[in-house]
Amino acid sequence: KLQNGYEIQPKVRPFTRITFGFKTNEPAQCKLDTKHTKSIGEMPHFFNNNPLYLTEHNVSLSLPNGQDYSYYIRCRDAKGNANSAEYAIKLSTEVGADLTPPIIESTSIENGASIRSDVENTTLTAYLNEPAQCKWSTTDKNYDSMENLFACHTEQYEDQTFYNLYQCITTLTGIKQNLENNFYFKCKDNAGNENAESYKFSLRRSSPLTLSVSTVPKIEGNKLPSQSFEIKVATVGGSEDGKAHCRFSQGTLTSYDTMVDFFNTDSNQHSQQLQLREGSYQLNLVCRDDAINEVSQKLQFKIEEDKIP
């Protein structure tokens, strides 16, 4: 047992995800390194790549066989008080032949997700627990018969410090609209172990997102009879039956990221109450759903005099 830290026993199976961590007595931001340092400022990496102040700190790693690992950790609280001494976590991986096939741990696009209505082909990254070569097909078949290749990282990382999942990148093609598009992935590691079962991955290409806009009171002849009015927007289609997030701006600001959220939104019905002085206006409305379908409309009108008591 380490005086300030702990050692994981028994030895860990190689290329198997292992999760470990520690707790702090108050919310803290933690960093680590594989070599000794004099202070937390010299440590280049946040624990689990997470800069948040937490009380529970966990990380998952997948490591090659027959090696020893030491991780040295320091934490600091929100006031900047940091540990002077390192907290050490040590572990070793078993020696022996790799007899297990690679595992796809995660993908850059969530399995089963909806994508934009205009996207027929999309780039996808698969993250594996060990170096491997992967293929895919639109039908479930054996590895050698699969027609499409991923571009994979097939060498072990020299720096085994952090979160070392191995990337495989490909472009999925021929994604049809309003259907469940199924793709089948299989991988083979450097020892020749290949997946017997496919990793089934599904995508749905959404329908276009549309909107309709009205105001209360109504705009008639490009004129609005009241300085106080409500904008109502209804959204249809998209990735979740019209569910979207709507924003608005005035004048030349037309980028969604620079706009203001509607007061009532995140559904298929959206509303915003406004009060403006007399003058000419252009309001820009943009709605976006989870698949990044986006639809916009401009309202141009003039308020001459408030005629509503």
Checklist entry - Which pair of non-hydrogen atoms, one from Ala85 and one from Arg74, has the smallest distance, and what is that distance? => result O-CG, 3.8 Å
Next on the checklist: For the backbone of Met43 and the side chain of Asp33, can you confirm whether one donor and one acceptor N or O come within less than 3.5 Å of each other?
Outcome noted: no
Next on the checklist: Side chains of Asn121 and Thr173: any donor to acceptor distance under 3.5 Å?
Outcome noted: no
Checklist outcome for this item: Note: Asn58 and Asn48 closest approach over all heavy atoms is O-ND2, 3.1 Å
Checklist entry - For Glu155, does its backbone N or O pair with a side-chain atom of His153 as donor and acceptor, under 3.5 Å? => result yes
Next on the checklist: Before you tell me yes or no, could you show the steps for Phe301 and Phe229 under ring-ring contact (aromatic ring centres under 6.0 Å, His included), namely the whole-Å CA-CA distance, both residues' side-chain angles and the distance that decides it to 0.1 Å?
Outcome noted: CA-CA 12 Å; Phe301 55 90; Phe229 62 98; 5.6 Å; yes
Checklist entry - So if you build clusters from Ile, Leu, Val, Met, Phe, Trp, Tyr with side-chain heavy-atom gaps below 4.5 Å, do Ile8 and Leu32 land together? => result yes
Checklist entry - Quick check: are there more than 12 heavy atoms from other residues, nucleotides or ligands sitting under 6.0 Å from CD of Glu197? => result no
Checklist entry - Sub-3.5 Å donor-acceptor pair from the side chain of Gln133 to the main-chain atoms of Phe150, do we have one? => result yes
Checklist entry - For the side chain of Asn190 and the backbone of Thr154, is there at least one donor-acceptor N/O pair under 3.5 Å apart? => result yes
Checklist outcome for this item: Residues at least two apart in sequence or cross-chain that pass side chain to side chain contact (heavy atoms under 4.5 Å, CB included) with Phe263, listed by chain then number, are Gln272
Item to check | CG on Asp189 to CG on Asn195, rounded to 0.5 Å | outcome: 9.0 Å
Next on the checklist: Before we go on, tell me: are the rings of Tyr6 and Phe20 under 6.0 Å apart, centre to centre?
Outcome noted: no
Checklist entry - Going by the disulfide bond (SG atoms under 2.5 Å apart) test, which pairs reach into residues 207-294, not counting sequence neighbours? => result Cys246-Cys287
Next on the checklist: Once you measure the plane-to-plane angle for Phe201 and Phe185, does it fall in the parallel (<30°), tilted (30-60°) or perpendicular (>60°) bin?
Outcome noted: parallel
Checklist entry - Can you tell me how far the CD1 atom of Ile169 sits from the CG atom of Leu149, to the nearest 0.5 Å? => result 13.5 Å
Checklist entry - Where is the tightest heavy-atom contact between Thr235 and Gly242, given as atom of each residue plus distance? => result OG1-O, 2.5 Å
Checklist entry - Between Ser296 and Thr254, is any pair of side-chain heavy atoms under 4.5 Å apart? => result no
Next on the checklist: The criterion is side chain to side chain contact (heavy atoms under 4.5 Å, CB included); which residues satisfy it with Asn148, sequence neighbours excluded?
Outcome noted: Trp136
Next on the checklist: Ring of Phe46, cation from Lys31 - is the NZ or CZ under 6.0 Å from the centre and inside 45° of the axis?
Outcome noted: yes
Checklist entry - Between Gln29 and Pro51, is there a donor-acceptor pair closer than 3.5 Å when you use the side chain of the first and the backbone of the second? => result yes
Item to check | Parallel, tilted or perpendicular: rings of Phe22 and Tyr87 (30°, 60°) | outcome: tilted
Checklist entry - Any side-chain heavy atom of Leu283 within less than 4.5 Å of one from Leu274? => result yes
Checklist entry - Could you go step by step and tell me if Thr24 and His57 meet the side-chain contact (heavy atoms from CB on, under 4.5 Å) rule? => result CA-CA 8 Å; Thr24 50; His57 311 264; 3.1 Å; yes
Item to check | Joint hydrophobic cluster, Phe262 plus Ile219, side-chain heavy atoms closer than 4.5 Å | outcome: yes
Checklist entry - Ion pair present between Arg288 and Glu294, side-chain N to carboxylate O less than 4.0 angstrom? => result yes
Next on the checklist: Working to the nearest 0.5 angstrom, can you tell me the gap between Leu276 CG and Lys302 NZ?
Outcome noted: 14.5 Å
Next on the checklist: Under a 3.5 Å threshold, yes or no: a donor from one side chain and an acceptor from the other, between Asn264 and Ser271?
Outcome noted: yes
Item to check | Donor-acceptor under 3.5 Å (Asn181 side chain, Lys176 main chain) | outcome: yes
Next on the checklist: Whether the side chain of Arg247 engages the backbone of Val286 through a donor-acceptor N/O pair (distance < 3.5 Å, no angle test) should be reported.
Outcome noted: no
Checklist entry - Who passes side chain to side chain contact (heavy atoms under 4.5 Å, CB included) against Ala82, sequence neighbours left out? => result Ile40, Arg76
Checklist outcome for this item: Leu61 and Tyr71 have their tightest heavy-atom pair at CD1-OH, 3.3 Å
Next on the checklist: Has Ser70 got a side-chain atom pairing as donor or acceptor with Ala88's backbone, closer than 3.5 angstrom?
Outcome noted: no
Item to check | Qualifying side-chain hydrogen bond (donor to acceptor under 3.5 Å, both in side chains) pairs with a residue from residues 206-219, counting only residues at least two apart or across chains | outcome: Ser206-Asn293
Next on the checklist: Looking at Ser239, is its backbone amide N or carbonyl O close enough to the side chain of Asp290 to form a donor-acceptor pair, meaning the two atoms are under 3.5 Å apart?
Outcome noted: no
Checklist entry - Judged by modelled atom types alone, do Thr265 and His245 share a side-chain donor-acceptor pair under 3.5 Å? => result no
Checklist entry - Just how far is it from atom OG1 of Thr93 to atom CD1 of Ile18, taken to the nearest 0.5 Å? => result 10.0 Å
Next on the checklist: Quick test of your reading of the model: are Asp77 and Lys79 salt-bridged, counting only N-O distances below 4.0 Å?
Outcome noted: no
Checklist entry - Is it the case that Arg13 and Thr100 place a side-chain donor and acceptor less than 3.5 Å from each other? => result no
Next on the checklist: Does either side chain, that of Asn284 or that of Gln282, offer a donor lying less than 3.5 Å from an acceptor on the other one?
Outcome noted: yes
Next on the checklist: What's the separation between atom OG in Ser117 and atom CG in Asn178, rounded to the nearest 0.5 Å?
Outcome noted: 9.5 Å
Checklist outcome for this item: When every non-hydrogen atom of Thr37 is compared with those of Glu86, the smallest separation belongs to N-OE2, 2.8 Å
Checklist entry - Is the closest side-chain heavy-atom distance between Lys232 and Val216 below 4.5 Å? => result yes
Item to check | Same cluster (ILVMFWY, side-chain, under 4.5 Å), Ile103 and Phe15 | outcome: no
Item to check | Matching residue for Lys186 among Asp144, Ile104, Asp140 - test: side chain to side chain contact (heavy atoms under 4.5 Å, CB included) | outcome: Asp140
Checklist entry - Does Lys141 make a cation-pi contact with Tyr184 (under 6.0 Å, within 45 degrees of the axis)? => result no
Item to check | Residue pairs involving residues 29-86 (criterion disulfide bond (SG atoms under 2.5 Å apart); sequence neighbours excluded) | outcome: Cys30-Cys75
Checklist entry - Can you tell me if the gamma sulfurs of Cys152 and Cys168 fall under 2.5 Å? => result yes
Checklist entry - Any link between Tyr69 and Val12 through a network of hydrophobic side chains (Ile, Leu, Val, Met, Phe, Trp, Tyr) touching at under 4.5 Å? => result yes
Item to check | Nearest-0.5 Å distance, CG of residue Leu285 to CD1 of residue Ile231 | outcome: 5.5 Å
Checklist entry - Looking only at atom types and distance, does a side-chain atom of Ser92 sit under 3.5 Å from a main-chain N or O of Lys11, one as donor and one as acceptor? => result no
Next on the checklist: Could you check whether Ser137 and Glu147, counting side-chain N and O atoms only, form a donor-acceptor pair closer than 3.5 Å?
Outcome noted: yes
Item to check | Stepwise side chain to side chain donor-acceptor pair (under 3.5 Å) check, Ser202 with Asn182 | outcome: CA-CA 5 Å; Ser202 300; Asn182 294 321; 2.7 Å; yes
Item to check | Residues Glu194, Lys188: salt bridge by 4.0 Å N-O rule | outcome: yes
Checklist entry - Going only through I, L, V, M, F, W and Y residues with side-chain contacts under 4.5 Å, is there a path from Val59 to Leu54? => result no
Checklist outcome for this item: Smallest heavy-atom separation, Thr122 atom then Ile109 atom, equals OG1-CD1, 3.8 Å
